[in-house]
Structure formats: structure tokens, C-alpha cells
Amino acid sequence: MAGMSGAQQYPDAVTVDDFRANLAAVRARIDAAAQRVGRDPAQIRLLPVSKTVPADRVRLAIEAGCTMLGENKVQEAKAKAADLADTGVAWSLIGHLQTNKAKDVAAFADEFQALDSLRVARALDRRLQAAGRQLDVLVQVNTSAEEQKYGLAPDEVDTFLRDLAEFETLRVRGLMTLALFTDDTERIRACFRRLRAVRDRVRAEDPALLGPGELSMGMSGDYELAVEEGSTCVRVGQAIFGARATPDAYYWPG
Ligand SMILES: *Cc1c(COP(=O)(O)O)cnc(C)c1O
């Protein structure tokens, strides 16, 4: 990967066939990574991430078979959910949420992967009750210590999960993390291992706290490592849609 620009590495998908080919290629790599470590590939879901991609191009991805899409920002997701309502595609919010956006999320999202505060949980619960809906949630964990802003510290997760149990509208499905942005694969793997260790520790304590115990980890640059380390959901944008011009700092203020 070093030395290759994003545009060379991830060409834009602009036809349904491009999307079919990219989805199949990523899926094949997921399956191969699973097989390398003796895992069942069927236990790993591929969540395509459509952020920055305009709705007309996202529509082609849906035609190619995407049934759920990940988006980082609420406003963008809300607009696309409206534009693409006729397709029936489901939406997973994977980015940090402010409490004043909880109402929007409660209205259209099927999953929220970046829960890391009781304030947000409370706001979501209130809005979901009003809407008569429930939401699948994953708790975001900061597995790279001081280097990222969002997510709970690993040792805060148990208490947080116990507190979440009071919110009947939130169905806890597991944990989510972003690995360090580095070329050092051992440091990336260490992040993924930390998330798995938190899951295993909580499960040993009280399996009811984590539902199915999903591990959402891995993106275009590191999803094969994540699968080798136990991921059950990889969030892949650029390897499916094409390189993104927006700098990562827009999504992950460090
Ligand atoms: C954008 C994003 C991804 C996907 O990143 P790619 O490099 O496009 O694969 C994964 N997770 C989160 C939280 C994101 O915001």
C-alpha cells in the first residue's frame, strides 16, 4: 500500500458491474482471510460505506446487491435515506453522534455503531420511544489509547454496558473500533486484539450484556487483518466505491 495513491489503489466504481466486481473481490478476500485462521466466512458481514458518494451512484451499488449501507455523518445519511427510500436499503450510522441529532437517527437508522456516552443513549432512547422504534447499537471502544478522540476506554466498557441495560429501545449487538492509522501491521493487529479481549472478558462476566457479541472492525486498508483477528463486521468504503477525496481527519479528529 505504501507508495500507491488512493486513486490508483481504489478506482471509482461507476456502473452496476463495477460494483458487482468490487463487492465480489472484497468478499473473496474476507472469505480467504477467514479460512486462513479457520473461521467460518458466513460469520462475517460486509458493511459497504457510502459516505461522500452521491445518491445516484449509491443507487447502482444497491442494484449490485447492497442491502445495508454505512454512513459517518447524520445529515448526509438522512438526505440519502430520503433519496433512496424507494430501494428499501437499510442504514447504519458509524460515526460520532451529537445529542441534537438523535431525533434524526431515531427516525431512519437501523443501526448505530458509535455509541460511547450515556447522554447519547438517553437522547436516542427518548426519541426512539416517541417514534415507537428500536435500534441495534454497537459500543465504540478506543483501542489505540491516547491517539483517538472517540470511544470508551477498554476498562470503562463493562460499567457502560450495565448502564445501557436500562434503555429498552437500544439492542446491544457488540463492540466497534477503529485501528490506528499506520503501516505497522502489528500495531493495527494489537488494536483489533484489544477489542476482542474486551468482548471475551465481558462475555465471561455476563454474556447477556453484549447480545451476539459482534466485533465491528476493519476498513479498506486493514479488513483482512481484522478478519484474521476475529472481526464479524467489516466497514468498507473506498475498496467498493473508489478513493475518497475528503481527508480522513474530517471523520476522525485526532
Ligand atoms: C469511512 C469509514 C469507514 C470506511 O473507510 P474506508 O477507508 O472507506 O474503507 C469505516 N469506518 C468508519 C467509522 C468510517 O467513517
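Side chains included, hydrogens not; waters and symmetry mates left out as well; all remaining heavy atoms used. Note that this is a predicted model, so its numbers are computed, not measured.
Proximity of Arg45 to Met68: side-chain heavy atoms (C-beta onward) are separated by under 4.5 Å at one or more points. Using a 4.5 Å heavy-atom cutoff, the side chains of Thr177 and Arg194 are not in contact. Contact check for Leu210 versus Arg199: side-chain heavy atoms found under the 4.5 Å cut-off. By the 4.5 Å heavy-atom criterion applied to side chains, Tyr10 and Ser220 are counted as neighbours. Inter-residue side-chain proximity for Met219 and Phe181 is flagged as met; some heavy-atom pair is nearer than 4.5 Å. A 4.5 Å side-chain heavy-atom check between Arg122 and Asp125 finds every atom pair outside the cut-off. Considering only heavy atoms from C-beta on, Leu23 comes within 4.5 Å of Leu46 through its side chain. Looking at heavy atoms from C-beta onward, Val89 lies out of side-chain contact with Val58 at the 4.5 angstrom threshold.
The aromatic rings of Phe19 and Phe241 lie perpendicular to each other, with more than 60° between the two planes, well past the 30° mark.
No side-chain donor-acceptor contact under 3.5 Å links Asp222 to the backbone of Leu225.
A salt bridge is absent between Glu111 and Arg171: the closest approach of a Lys/Arg side-chain nitrogen to an acidic carboxylate oxygen does not fall below 4.0 angstrom. Salt bridge present: Arg27 and Asp31 bring a charged side-chain N and a carboxylate O closer than 4.0 Å. Here Glu63 does not pair with Arg59 in a salt bridge; the nearest charged N to carboxylate O distance is not below 4.0 Å. The existence of a salt bridge linking Arg201 and Asp158 is confirmed by a sub-4.0 Å separation between a basic side-chain nitrogen and an acidic carboxylate oxygen.
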Exercise. Tell me, with the steps shown, if Lys80 and Asp83 meet salt bridge (Lys or Arg N to Asp or Glu O under 4.0 Å).
Key: CA-CA 5 Å; Lys80 283 181 203 170; Asp83 281 348; over 6 Å; no

Quiz item: Is there a side chain to side chain contact (heavy atoms under 4.5 Å, CB included) between Glu224 and Arg36 once you walk through the steps?
Solution: CA-CA 10 Å; Glu224 291 162 278; Arg36 280 198 290 280; 4.1 Å; yes

Practice problem: Check the pair Ser50, Glu71 against side-chain hydrogen bond (donor to acceptor under 3.5 Å, both in side chains), reporting the backbone distance first and the verdict last. | Solution: CA-CA 6 Å; Ser50 53; Glu71 285 280 342; 2.7 Å; yes

Exercise. Could you go through the side-chain hydrogen bond (donor to acceptor under 3.5 Å, both in side chains) check for Arg235 and Ser216 one step at a time?
Key: CA-CA 7 Å; Arg235 309 176 306 268; Ser216 175; 2.9 Å; yes

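Phe108 and Ala81 get closest at one heavy-atom pair: CD1-CB, 3.9 Å. Here the closest non-hydrogen pair linking Cys191 and Ser144 is SG-CB, 4.0 Å. For the residue pair Asn72 and Leu93, the shortest heavy atom distance occurs at O-CD1, 3.8 Å. The shortest heavy-atom contact between Cys66 and Pro48 is SG-CG, 3.6 Å. Nearest heavy atom pair, residue Cys233 against residue Glu214, reads CB-OE1, 3.4 Å. Residue Ser231 comes nearest to Val234 through the heavy atom pair OG-CG1, 3.6 Å, listed as atom of the first residue, atom of the second, then distance.
Tracing side-chain contacts under 4.5 Å through hydrophobic residues (I, L, V, M, F, W, Y), one reaches Tyr223 starting from Leu175; they form part of the same cluster.
Of the candidates Leu138, Val137, Asp136, Val137 is the only one forming a side-chain contact (heavy atoms from CB on, under 4.5 Å) with Phe112.
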